[in-house]
Amino acid sequence: MADPKGFLTTGREVAQTRPVAERVKDWNEVYVPGSLLPVIGKQAGRCMDCGIPFCHNGCPLGNLIPEWNDYAYRDDWQAASERLHATNNFPEFTGRLCPAPCEAACVLGINQQPVTIKNVEVTIIDKAWEAGDVTPQPPERLSGKTVAVIGSGPAGLAAAQQLTRAGHTVAVYERADRIGGLLRYGIPEFKMEKRHINRRIEQMRAEGTKFRTEVEIGRDIDAATLRKRYDAVVIAAGATTSRDLPVPGRDLGGIHFAMEYLPLANKVQEGDLTVSPISAEGKHVVVIGGGDTGADCVGTAHRQGAASVTQLEIMPRPGETRGAGQPWPTFPMLYKVTSAHEEGGERVYSVSTTHFEGDENGNVRWLHLVEVEFTDGKLRQKPGTERRIPAQLVTLAMGFTGTDVENGLVAQFGVDLDARGNIARDAEYATNVPGVFVAGDAGRGQSLIVWAIAEGRSAARGVDRYLTGTSALPAPVRPTDRALTV
């Protein structure tokens with residue numbers, strides 16, 4: 001145990017963010033560089049090294065949290081990095097982007113603020129990169145087996161790295177022009193600077209993983225060709241089909257899916273564009289959807305100089321503390337103020353969009369909404385609450401409904417879908433097609449980055465066993481596992 005009295009003597013202290021007036025003028029990460037290091041040792045010392053550490057259960061990766069908390073408390077950063085990497089291929093991603101279900105399950109969180117697990121994690125990995133402790137781990141020998149991974153998001157990258165280290169020759173296919181999937185083009189720069197992805201890709205290249213960008217399986221290469229070329233295939237294409245809003249006026253100009261809007265802003269930061277073709281500058285922006293993707297749209301609109309930003313959510317505003325129906329250690333639905341929300345804008349709950357109204361040029365000008373309530377388990381509109389708000393740019397951030405089927409990938413492979421439209425798989429992450437496996441959101445449905453990495457690691461074990469008859473690779477989650485919620 002790090003500090004036997006740490007949880008009694010030390011309060012929770014999280015990463016400092018830069019002043020709003022400063023950070024909305026750039027696209028750098030919102031946190032003050034180096035602000036965690038002076039306090040993180042004491043924060044790690046708050047960990048109680050519980051006899052039954054529920055943080056392990058909250059994290060699908062099974063991160064060895066008490067162990068690396070102890071090392072961080074003792075300033076043994078190299079050992080902390082080794083323990084962190086034992087279960088997580090990309091802790092710099094999860095440490096910045098994961099909503100930290102581990103913290104929701106922290107035993108200290110029963111009656112106090114939980115340990116700042118996420119902040120300790122990102123400090124450990126940042127220190128490891130600075131010290132040169134993150135090095136390529138090429139296999140000692142090659143198996144002679146080849147694997148294609150479709151998709152370069154966290155699931156695909158995790159599966160590829162695990163299989164490469166197991167000795168297989170792995171090629172990752174990505175339909176975009178750069179590796180990273182939604183990490184690259186769906187996550188704004190102010191949440192995670194893309195240099196973190198770039199150096200991981202270089203590590204993986206040094207280990208032997210091959211990358212093929214601007215190649216869409218199903219269109220550029222058909223499934224039959226890929227199966228002939230490789231001994232196994234991992235489909236990690238994500239759940240990229242955005243949920244639409246079929247209301248009158250949806251076809252007006254200025255209404256876009258979040259995944260049309262966010263990637264263009266990221267391409268500006270990559271230097272591909274000077275100005276985004278879909279910009280919020282000077283416009284009244286409405287973001288439909290109250291989740292993390294919606295918050296990403298809010299923060300992006302602020303940096304593009306929006307005249308106003310309004311975020312709509314159909315559900316009621318969550319409480320700020322756990323209610324009786326959300327007991328520890330479940331992951332609670334709480335009112336969350338992200339860095340994007342700190343920067344301004346209005347959040348409106350319990351409303352539903354009825355239709356859009358356009359101007360004489362066919363562009364959206366107004367959004368009409370109505371207040372709603374849930375009674376007897378049904379959503380009902382409240383009479384007399386209809387109103388309209390100005391909307392010159394609308395982003396739809398209402399989640400995703402499943403993997404892309406329009407490019408022919410699903411049909412060409414002949415894989416079965418489950419009742420929710422995801423690719424079906426067995427306990428080994430194998431589809432109904434021999435040698436074809438699925439990992440991440442393509443099989444699970446829309447989920448968290450930490451689940452994607454866990455699935456990528458687990459699917460890699462299934463592939464390794466298929467190719468060699470046995471495997472020493474870890475499998476932290478089963479396809480049927482779900483987050484601990486109510």
Side-chain angles (χ1 to χ4, degrees), residues 17-30 185-191 242 245 247-269 273-314 317 335-371 385-398:
T17 54
R18 296 186 290 131
V20 168
E22 171 190 319
R23 70 186 194 231
V24 296
K25 296 178 181 178
D26 62 48
W27 293 82
N28 300 328
E29 289 182 7
V30 300
Y185 287 129
I187 301 296
E189 193 84 358
F190 58 82
K191 285 183 68 175
S242 299
L245 183 64
V247 298
R250 168 62 180 89
D251 57 346
L252 289 169
I255 304 174
H256 305 276
F257 289 119
M259 286 303 123
E260 295 173 330
Y261 174 60
L262 294 173
L264 292 171
N266 280 350
K267 279 188 168 291
V268 173
Q269 302 312 307
L273 302 170
T274 54
V275 178
S276 173
I278 306 175
S279 177
E281 183 177 4
K283 297 177 181 177
H284 297 290
V285 178
V286 179
V287 179
I288 302 179
D292 288 339
T293 302
D296 294 343
C297 292
V298 170
T300 299
H302 289 319
R303 282 158 180 77
Q304 290 178 338
S308 69
V309 183
T310 305
Q311 187 175 16
L312 307 181
E313 170 58 58
I314 197 170
R317 172 175 163 163
Y335 180 70
K336 182 169 64 172
V337 179
T338 70
S339 63
H341 296 129
E342 293 173 349
E343 294 161 3
E346 183 182 3
R347 303 168 75 178
V348 184
Y349 290 89
S350 298
V351 293
S352 177
T353 302
T354 59
H355 63 282
F356 299 103
E357 180 183 341
D359 60 19
E360 62 276 6
N361 298 317
N363 296 313
V364 65
R365 183 179 180 185
W366 300 95
L367 181 148
H368 291 250
L369 55 81
V370 63
E371 294 180 16
T385 62
E386 300 85 357
R387 66 182 188 275
R388 70 178 188 177
I389 59 175
Q392 295 167 301
L393 172 63
V394 177
T395 61
L396 307 180
M398 303 178 296

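Count residues from 1 along the sequence.
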Checklist entry - Counting only heavy atoms not in Glu281, do more than 12 fall under 6.0 Å of its CD? => result no

Checklist entry - Quick one: does Asp359's side chain have a donor or acceptor within less than 3.5 Å of a partner on Gly362's backbone? => result yes

Checklist entry - Which distance, rounded to the nearest 0.5 Å, do you find between the CG of Leu252 and the CD of Glu357? => result 9.5 Å

Next on the checklist: side-chain contact (heavy atoms from CB on, under 4.5 Å) for His341 and Thr338? Distances and angles first, verdict last.
Outcome noted: CA-CA 5 Å; His341 296 129; Thr338 70; 3.1 Å; yes

Checklist entry - Any sub-3.5 Å donor-acceptor pair from Arg388's side-chain atoms to Leu367's backbone N or O? => result no

Next on the checklist: Distance check, rounded to the nearest 0.5 Å: Leu369 atom CG versus Ser350 atom OG?
Outcome noted: 11.5 Å

Checklist entry - Should Ile288 and Val394 be marked as a side-chain contact (heavy atoms from CB on, under 4.5 Å) after you check the CA-CA gap, both sets of side-chain angles, and the distance that decides it? => result CA-CA 7 Å; Ile288 302 179; Val394 177; 3.9 Å; yes

Next on the checklist: Run the salt bridge (Lys or Arg N to Asp or Glu O under 4.0 Å) test on Glu29 and Lys191 for me, step by step, so that the C-alpha distance in whole Å, both residues' side-chain angles and the decisive distance to 0.1 Å come before the verdict.
Outcome noted: CA-CA 5 Å; Glu29 289 182 7; Lys191 285 183 68 175; over 6 Å; no

Checklist outcome for this item: CG (Leu264) and CE (Met259) are apart, to the nearest 0.5 Å, by 11.0 Å

Item to check | Nearest-0.5 Å distance, OG of residue Ser276 to CG of residue Asn266 | outcome: 10.0 Å

Next on the checklist: Side chains of Ile389 and Val286, heavy atoms from C-beta outward: is any pair under 4.5 Å?
Outcome noted: yes

Item to check | Atom pair OG/OH of Ser279 and Tyr261 - distance to nearest 0.5 Å | outcome: 6.5 Å

Item to check | Full working for side chain to side chain donor-acceptor pair (under 3.5 Å) between Glu371 and Tyr349 | outcome: CA-CA 8 Å; Glu371 294 180 16; Tyr349 290 89; over 6 Å; no

Next on the checklist: Could you check whether Arg317 makes a cation-pi contact with Tyr335, meaning its NZ or CZ is under 6.0 Å from the centre of the six-membered ring and within 45° of the ring axis?
Outcome noted: yes

Item to check | Rounded distance (nearest 0.5 Å) linking atom CG of Asn28 with atom CD of Glu22 | outcome: 9.0 Å

Item to check | Arg365 atom CZ, neighbour heavy-atom count above 12 within 6.0 Å | outcome: no

Next on the checklist: Evaluate Thr353 against Leu245 for side-chain contact (heavy atoms from CB on, under 4.5 Å), listing each step before the verdict.
Outcome noted: CA-CA 9 Å; Thr353 302; Leu245 183 64; 4.0 Å; yes

Checklist outcome for this item: Heavy-atom closest pair (Gly249 atom, Ile255 atom, distance to 0.1 Å) is O-CD1, 3.4 Å

Checklist entry - Leu262 and Thr300: side-chain contact (heavy atoms from CB on, under 4.5 Å), yes or no, with the steps? => result CA-CA 8 Å; Leu262 294 173; Thr300 299; 3.5 Å; yes

Item to check | Cation-pi check, Arg303 onto Phe190 ring (under 6.0 Å, within 45° of axis) | outcome: yes

Checklist entry - Backbone N or O of Glu313 within a donor-acceptor pair of the Arg347 side chain at under 3.5 Å? => result no

Item to check | Ring geometry between His368 and His355 (parallel below 30°, tilted from 30 to 60°, perpendicular above 60°) | outcome: parallel

Item to check | Option from Val30, Val309, Val298 for which side-chain contact (heavy atoms from CB on, under 4.5 Å) with Glu343 holds | outcome: Val30

Item to check | Test item: Gln392 side-chain N/O and His284 main-chain N/O as donor-acceptor pair under 3.5 Å | outcome: yes

Item to check | N/O donor-acceptor pair under 3.5 Å between His256 side chain and Leu396 backbone | outcome: no

Checklist entry - If only atom types and distance count, is the side chain of Gln304 paired as donor or acceptor with the main-chain N or O of Ala301 below 3.5 Å? => result no

